[in-house]
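This report refers to the structure that appears directly beneath it.
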Amino acid sequence: MCGIFGCLTLNGKNPDEKSIIKAINSLRHRGPDDYGIAKFENVILGHRRLSIIDLSSSAAKQPVVSHDSLMAFNGMIYNFKEIKKTLSLSTTFKGNSDTEVLAKCLDQLGLKKTLKKIDGMFAFAWFCKKKRELHLVRDPMGEKPLYWAKMNNKVYFSSEKKSFFEIKEFTKKPNINLIDEYLYTAKISGSKTIYSQINEVEPGQIITISSRTGSIISSYYFSVENTFNNKNPISNKIDRLNEHMEESILSRSISDVPIGTLLSGGLDSSLILSYMMKNDNIDKISCYHSNVKNQKHSEFKDAFAVTNFLTKKFKQKKIKLKSKTNNFNKYIDLLQNVTRSFDEPVHFFNSPDLLNVVNQASKDGIKVLLSGEGSDEIFFGYDRFVRTYQFLSKNRSKNSFIKEMYFGGGQHSIDCVKKICSSQKQGKEISASWLWLEKNVNKYPVEDLILMFSQKFRMQMLLQRQDRVGMMCGLEIRAPFLSKKLVNFANSLKLKDKYKKNSNTTKLILKLMAKEKRLVPNKIINNKKIGFNSNMADWLRENKMRILIKKLVNDKNGFFNGYLDGKSTKEIVNLHFDGKRRLDVLMWNIFALEVWHRVCGEGDNRFF
């Protein structure tokens with residue numbers, strides 16, 4: 001929705017405003033509609049706005065400056081109208097924006113009470129003038145990004161990592177001590193990032209910096225683990241789920257600009273469209289579908305079946321379905337753009353395909369899209385959850401448990417990653433996700449650990465993809481399944497409500513609700529999950545990708561030759577393309593890392 005950047009100096013000196021302005025403007029794609037900057041003593045906040053709510057009012061302009069504080073905010077508070085009613089009767093409002101409500105709420109109630117009240121996706125910086133404290137805050141599930149770094153007695157923060165490099169003190173040195181985690185899992189977990197100097201504010205985390213003492217304190221106002229503690233029986237579960245879905249999708253449909261939805265043809269996105277059609281304020285919806293050439297993996301017929309079913313059910317409303325696919329050359333161009341937006345190697349090879357359809361939505365004038373992200377993570381929706389559950393139910397040794405959870409399907413490539421990283425013997429670190437598993441492996445039931453781990457770590461890659469792709473196109477993507485009430489409800493359910501063992505049925509309660517309420521065609525409910533496919537799944541075994549990957553890893557200035565064991569990397573690439581080992585995911589991670597090195601890192605982008 002927006003982009004924020006700012007700086008707090010810890011030595012009393014004023015920040016360098018020129019470089020701050022350059023950094024703020026590097027986020028113009030996140031907020032093409034407006035620009036603002038605010039200063040108070042040794043703190044400066046900058047903001048780029050994408051206008052979604054209260055378009056013409058100056059009350060939504062940021063940063064917000066009051067007698068008590070400064071605030072720069074990225075995201076959307078969905079229950080802002082309800083919160084507005086609870087504030088002091090003497091409170092005056094200039095407009096009708098969530099930004100103004102959040103700022104007033106923070107000033108009146110303070111940070112902790114405000115965080116208990118709000119439901120939304122957000123990342124904000126709030127400076128309390130009285131305490132001389134800067135708070136960097138991120139939403140509970142990690143929908144909106146926020147990064148920070150301390151450099152030469154200054155603390156910088158930003159919505160994206162690229163902004164830091166507008167400040168001369170920063171370098172693009174990679175975090176080589178955790179590069180093995182990237183090759184195993186496609187992301188460096190926790191607070192560390194691909195850049196050695198930059199940290200990530202984690203979901204549900206508050207970073208508090210004192211201007212007076214220079215102290216930096218980390219605290220958490222939310223933890224996924226706590227949402228699994230309430231396993232008391234729930235009556236009328238299907239009706240309760242239906243109510244939560246209706247409420248969440250209605251609130252996530254609030255917009256003063258055109259709104260649409262991503263429609264894969266799977267259950268989650270189809271349910272979202274169904275609930276949107278019930279909204280009295282919506283009479284037409286544009287749906288966007290990413291298609292593939294391989295018809296075995298195409299879900300276009302299912303997406304069309306859903307729109308046909310709902311058009312007949314809601315005869316007074318219109319649905320427009322648009323489908324897009326990529327050729328190889330276009331895909332490679334889009335990949336470079338996505339990498340530039342991510343500021344790190346692209347985790348999923350379907351990311352350029354998502355960009356393709358979101359870009360089309362943007363061209364059509366859509367500024368808000370709803371997506372089904374998060375449903376699989378809270379309703380036990382992945383086949384890999386079933387495989388992991390079945391394996392771990394029989395193998396409860398601590399070591400096998402951690403390996404199965406951490407590596408998943410990547411266990412067969414462990415030896416390859418070790419060879420590639422063999423030259424990096426000093427300074428290796430243990431990843432945050434591995435340490436979390438070691439700490440919690442014996443604390444919770446297997447089924448809860450699977451979902452906790454996925455929500456806490458794996459899902460972050462999906463949410464990052466959603467944010468960056470949307471922002472590239474000046475468009476906001478919202479995830480109704482991640483509302484506060486839905487997450488708490490789903491995580492309090494027992495496994496038997498989500499997974500039927502004798503038939504291997506996942507997302508059980510969601511499917512039962514869809515059938516009972518007749519929300520989507522039965523075919524969609526009964527279909528086996530396919531997932532978001534990409535033509536790259538086929539290309540990764542074809543000669544054109546072999547040529548491209550070998551070209552990158554053979555480059556003497558490439559990442560693997562420069563930092564790791566380039567010779568072993570070439571041998572492993574040959575093993576895959578010669579058909580001797582099936583290493584699709586590792587091939588992608590190698591390729592994506594080399595692309596990032598040239599587009600965002602220290603490499604030479606002229607290579608492309």
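Treat the numbers as computed from the prediction; the structure is a model and nothing was measured.
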S264 backbone acceptor or donor facing S269 side chain under 3.5 Å: yes

Heavy-atom pair with the smallest gap, counting every atom of V257 and S255: O-OG, 2.8 Å

G95 backbone acceptor or donor facing E100 side chain under 3.5 Å: yes

Listing, residues 374-388 side-chain donor-acceptor contacts under 3.5 Å, not counting sequence neighbours, or none:
from: S375; atom 1: OG; to: D268; atom 2: OD1; distance (Å): 2.8
from: D376; atom 1: OD1; to: K507; atom 2: NZ; distance (Å): 2.9
from: D376; atom 1: OD2; to: K529; atom 2: NZ; distance (Å): 2.9
from: E377; atom 1: OE2; to: Y382; atom 2: OH; distance (Å): 2.7
from: D383; atom 1: OD2; to: K528; atom 2: NZ; distance (Å): 3.0
from: T388; atom 1: OG1; to: R384; atom 2: O; distance (Å): 2.8

Within residues 113-124 or reaching into it, pairs that qualify as salt bridge (charged side-chain N to carboxylate O under 4.0 Å, His left out) - sequence neighbours excluded: D119-R252

Side-chain donor-acceptor pair present, D353, S290, cut-off under 3.5 Å: no

K312, NZ atom: more than 12 neighbouring heavy atoms under 6.0 Å: no

Within-4.5 Å side-chain heavy-atom neighbours: L27 and S158: yes

K485: salt bridge (charged side-chain N to carboxylate O under 4.0 Å, His left out) partners, not counting sequence neighbours: E247

Set of salt bridge (charged side-chain N to carboxylate O under 4.0 Å, His left out) partners for D33, sequence neighbours left out: K367

Intermediate values then yes/no, ring-ring contact (aromatic ring centres under 6.0 Å, His included), H347 and F342: CA-CA 9 Å; H347 320 116; F342 276 36; 5.6 Å; yes

Exercise: do N199 and S191 side chains pair donor with acceptor under 3.5 Å: no

Pair K498-L451, side-chain contact (heavy atoms from CB on, under 4.5 Å): steps then yes or no: CA-CA 11 Å; K498 303 177 187 180; L451 294 179; 3.4 Å; yes

Worked verdict on Y275 versus N242 for side chain to side chain donor-acceptor pair (under 3.5 Å): CA-CA 10 Å; Y275 282 106; N242 181 54; 2.7 Å; yes

Any residue meeting salt bridge (charged side-chain N to carboxylate O under 4.0 Å, His left out) with D68, in chain and number order, not counting sequence neighbours: none

Exercise: do D343 and Y147 side chains pair donor with acceptor under 3.5 Å: no

Test item: K317 side-chain N/O and M277 main-chain N/O as donor-acceptor pair under 3.5 Å: yes

Verdict with supporting geometry, N350 and N533, side chain to side chain donor-acceptor pair (under 3.5 Å): CA-CA 6 Å; N350 54 26; N533 276 294; over 6 Å; no

Check ion pair R478-E476 (N to O, under 4.0 angstrom): yes

K192: side chain to side chain contact (heavy atoms under 4.5 Å, CB included) partners, not counting sequence neighbours: N175, L178, I188, E429

D497 vs L508 side-chain heavy atoms within contact, under 4.5 Å: no

SB check K318 D283 (cutoff 4.0 Å): no

Minimum heavy-atom distance between A125 and L134, given as atom pair plus value: CB-CD1, 4.2 Å

Contacts of type side chain to side chain contact (heavy atoms under 4.5 Å, CB included), residue P203, not counting sequence neighbours: R138, Q460

Partner set under salt bridge (charged side-chain N to carboxylate O under 4.0 Å, His left out) for E246, not counting sequence neighbours: K278

Heavy-atom side-chain contact between V306 and D302 under 4.5 Å: no

Evaluation steps, side chain to side chain donor-acceptor pair (under 3.5 Å), between Q205 and S219: CA-CA 6 Å; Q205 187 180 29; S219 61; over 6 Å; no

Under the side chain to side chain contact (heavy atoms under 4.5 Å, CB included) test, residues paired with P32 that sit two or more places apart: R28, L50

side-chain contact (heavy atoms from CB on, under 4.5 Å) between L115 and F122, worked out: CA-CA 11 Å; L115 290 170; F122 54 83; 4.0 Å; yes

Distance-only side-chain donor-acceptor flag, N229 / Y444, under 3.5 Å: no

Set of residues satisfying side chain to side chain contact (heavy atoms under 4.5 Å, CB included) with respect to S223, sequence neighbours excluded: E225, N226

Step-by-step side chain to side chain donor-acceptor pair (under 3.5 Å) determination, Y499 to E447: CA-CA 10 Å; Y499 171 53; E447 59 270 23; over 6 Å; no

No-hydrogen, no-angle side-chain donor-acceptor test under 3.5 Å, T99 and S97: no

Listed partners of Y78 passing ring pair (Phe, Tyr, Trp, His ring centres under 6.0 Å), at least two apart: none

Side-chain H-bond candidate by donor/acceptor type, Q455 with N491, under 3.5 Å: yes

Short N-O contact, K320 and D364, less than 4.0 angstrom: no

Salt bridge flag under 4.0 Å for residues E373 and R465: yes

Heavy-atom pair of closest approach, residues I206 and T208: CG2-OG1, 3.6 Å

Heavy atoms of other groups near Y221 OH, more than 12 under 6.0 Å: yes

Pairwise ring-ring contact (aromatic ring centres under 6.0 Å, His included) hits with a residue in residues 224-244, at least two apart: H244-F489

Among R468, K161, K162, the one residue meeting salt bridge (charged side-chain N to carboxylate O under 4.0 Å, His left out) with E344: K161

Sub-4.5 Å side-chain heavy-atom contact between N291 and K324: no

Residue K500 excluded, over 12 heavy atoms near NZ under 6.0 Å: no

Modelled atom types, side-chain donor and acceptor of Q108 and T91, under 3.5 Å: yes

Close side-chain approach of H289 to V357, heavy-atom, < 4.5 Å: no

Non-hydrogen side-chain atoms of M141 and M459 separated by less than 4.5 Å: yes

K187 to F457, cation-pi by 6.0 Å centre distance and 45° axis angle: no

Criterion salt bridge (Lys or Arg N to Asp or Glu O under 4.0 Å) on D448 and K443, from CA distance to verdict: CA-CA 10 Å; D448 287 354; K443 285 187 179 180; over 6 Å; no

Electrostatic pair K144:D467 at N-O distance under 4.0 angstrom: yes

Over 12 foreign heavy atoms within 6.0 Å of NZ, K496: no

